[in-house]
S.K.: 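Below are the structure tokens for one structure; questions will follow.
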Amino acid sequence: MIPFDFEYYKPSSVHMAVELFQLLQNQGKKPVYYAGGTEIITWARTNSIQPGAVINLNSIPECSVMGIQKDKLVIGACVTLSALSEANPFPLLSQTAQGVADQTARNKITLGGNICGKIYYREAVLPLLLANSRMIIAGIHGIREVSIHQVFLQQLRLENGEFLVQTFTDQYYLSLPFVHYKKRQIGNVGYPLVTVAALKQDNQIHTAYSGVCSFPFRSIEIDQVLNSSSIPLAARIEQAISKLPGSIIHNTEGSAPYRKFVLKQTMADTIHILERR
Amino acid sequence: MSSYNSALYPVEMEINSEVQTIRIRAADILLYTLRDKFGLTGSKSGCDNGDCGSCTILVNRQPMKSCLMLTIEADGKQITTIEGLMNSQVQNIFAQHQAFQCGYCTPGFIMNCEGLRNVHPIADEETIRVWLESNICRCTSYEEIHHAVKDIFTPK
């Protein structure tokens, strides 16, 4: 059980949600926005967080949309990962989402929740980083649209009281050649040793990673090295590894040296597959 | 321990085809509301963390881990627990195949299979494999469970 009480609100508009947040915060209630809620419930159960109010975003229409609008794929933050995979508007995103948790859990986990979570892996963000998606963010000053690269730096950097409403992705990216690998220590469910998502665009391979460092990332430097076709692949990969943006995770899923070994193999597999497409 | 508001919230939901109303804490977890307030103890508490699947129920005909759902989220929804599937085809086929040992995980597996039938009435081998990964059997009855589920989806 959750060992403390909180207030619960389910606003039906973006504006109401933002106003509620401000009001509750001014009352000292430490509100949190809630979509799938799996991470919030898990942390609250262990008393690791104690929000005084929960604002459920699931009744806000903009947060539940999924479809093409003016050549862009729009996905609401409250769309579940299973709904996303089932509809399959962006195959790389569908496949990446299918690697998160398990099928039943994905009926609850949302795109926004996965991206905004505190867990290291947050793999659903990888295809959006590769597709240069735009993020629609709501806050007390209104709605802003920004490049994912401006706001996702190791984590989604929201201002106080803001929440992710939608993601926009140019239709162009949806059908590009791609690969997705999720390498685990064992089995088909669980956290990754290494997840690599990659798109091929204009004969260049773009890669994004989860499970390697304590945050998901895309690195232009790594992509530049991996695409240097005049250099032997093994040397490219060694150079790419030297450009990782953080230290390699060392935990129960895998040691840092093992992760590094798996990363190298996965990079090689990615390049081999996409170079032929 | 901080506790901001101990108000009770009204919730109305349809549980196993009966409309039920209850007043609950916003922080109440659906699994424990079903077990402790409605006496529906077929849904089991395993990991309490969304990993094992023993608490699986159907929410609007879709499998959901009730340990990861606030009761208040179920307001206005249709809930089915294992008690609502008494003598169902899925339950009978599990029994015929003896697809259990201790039986603790069995309600979760049956609920997941029922949900799979709702969503994919003609599920292929790969879909079955992916869906079954949501549940864990510590007695490792996976072989029998797999046979039962294949039987469920074999055209008769």
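Reminder, nothing fancy here: chain letters follow the sequence lines and each chain counts from 1.
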S.K.: Does B/Tyr104 have more than 12 heavy atoms from other residues, nucleotides or ligands lying within 6.0 Å of its OH?
M.R.: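 Yes, because the 6.0 Å sphere around OH of B/Tyr104 holds more than 12 heavy atoms from other groups.
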
S.K.: With a 4.5 angstrom heavy-atom cut-off, is it the side chain or the backbone of A/Asn56 that approaches chain B, or both, or neither?
M.R.: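 Contact with chain B involves the side chain of A/Asn56 alone.
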
S.K.: Using heavy-atom distances under 4.5 Å, tell me whether B/Asn112 contacts chain A through its side chain, its backbone, both, or neither.
M.R.: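 It is the side chain, since no backbone atom gets that close.
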
S.K.: Are there over 12 heavy-atom neighbours, none belonging to B/Gln98, within less than 6.0 Å of that residue's CD?
M.R.: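 Not more than 12 within 6.0 Å, no.
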
S.K.: Around B/Arg61, counting heavy atoms of other residues, nucleotides and ligands shown, do more than 12 lie under 6.0 Å from its CZ?
M.R.: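 Open.
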
S.K.: For B/Gly50 and A/Asp102, which heavy atoms make the closest approach, and how far apart are they?
M.R.: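 That closest heavy-atom pairing would be O-OD2, 3.9 Å.
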
S.K.: Go through the atoms of A/Ile2 and report whether side chain, backbone, both or neither lie under 4.5 Å from a heavy atom of chain B.
M.R.: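 For A/Ile2, backbone and side chain are both near chain B.
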
S.K.: Between A/Lys10 and B/Glu73, is any pair of side-chain heavy atoms under 4.5 Å apart?
M.R.: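 Of all side-chain heavy-atom pairs linking B/Glu73 with A/Lys10, none is under 4.5 Å.
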
S.K.: Which value, rounded to the nearest 0.5 Å, describes the distance between B/Lys65 atom NZ and A/Lys108 atom NZ?
M.R.: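 Answer for the NZ-NZ pair, B/Lys65 versus A/Lys108, is 12.5 Å.
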
S.K.: Looking at B/Phe100, I want to see if its CZ is surrounded by more than 12 non-hydrogen atoms of other residues, nucleotides or ligands under 6.0 Å.
M.R.: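 Atom CZ in B/Phe100 is packed in, count exceeds 12.
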
S.K.: Using every non-hydrogen atom in the two residues, find where B/Tyr9 and A/Tyr8 come nearest and quote the distance to one decimal.
M.R.: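 Looking at all heavy atoms of both residues, the closest pair is OH-N, 3.0 Å.
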
S.K.: Among the options B/Leu132, B/Leu70, B/Asn135, pick out the one with the most heavy-atom pairs lying under 4.5 Å from chain A.
M.R.: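 Result: the option with the highest number of such pairs is B/Leu70.
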
S.K.: Any idea which of A/Asn188, A/Thr38, A/Val189 has the most non-hydrogen atom pairs under 4.5 angstrom with chain B?
M.R.: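 Among the listed options, the one with the most contacts to chain B is A/Asn188.
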
S.K.: Walk me through it: do A/Gln103 and B/Arg129 pass the test side-chain contact (heavy atoms from CB on, under 4.5 Å)?
M.R.: CA-CA 10 Å; A/Gln103 174 65 33; B/Arg129 184 190 67 75; over 6 Å; no

S.K.: Out of curiosity, B/Asn60 CG to A/Asn107 CG, how far, rounded to the nearest 0.5 Å?
M.R.: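 Spacing of CG (B/Asn60) from CG (A/Asn107) equals 11.5 Å.
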
S.K.: Nearest heavy-atom pair of A/Phe4 and B/Ala27: which atoms, and what distance?
M.R.: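 It is O-CB, 3.3 Å.
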
S.K.: With rounding to the nearest 0.5 Å, note down the distance linking CZ in A/Arg45 to CG in B/Leu68.
M.R.: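 Here the interatomic distance stands at 8.0 Å.
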
S.K.: Around B/His120, counting heavy atoms of other residues, nucleotides and ligands shown, do more than 12 lie under 6.0 Å from its NE2?
M.R.: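 Buried by this count: over 12 neighbours within 6.0 Å.
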
S.K.: Under 4.5 Å, heavy atom to heavy atom: which of residues 28-48 of chain B reach chain A? Give them by number, or say none.
M.R.: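 Within residues 28-48 of chain B, near chain A: B/Ile29, B/Asp48.
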
S.K.: Using only atom types and a distance under 3.5 Å, with no angle test, would you say the side chain of A/Thr104 pairs donor to acceptor with the backbone of B/Ser134?
M.R.: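 Between the backbone of B/Ser134 and the side chain of A/Thr104 there is no qualifying donor-acceptor contact (under 3.5 Å).
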
S.K.: Is the shortest distance from a Lys or Arg side-chain nitrogen in B/Arg25 or A/Glu7 to a carboxylate oxygen in the other one below 4.0 Å?
M.R.: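 A/Glu7 and B/Arg25: not salt-bridged.
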
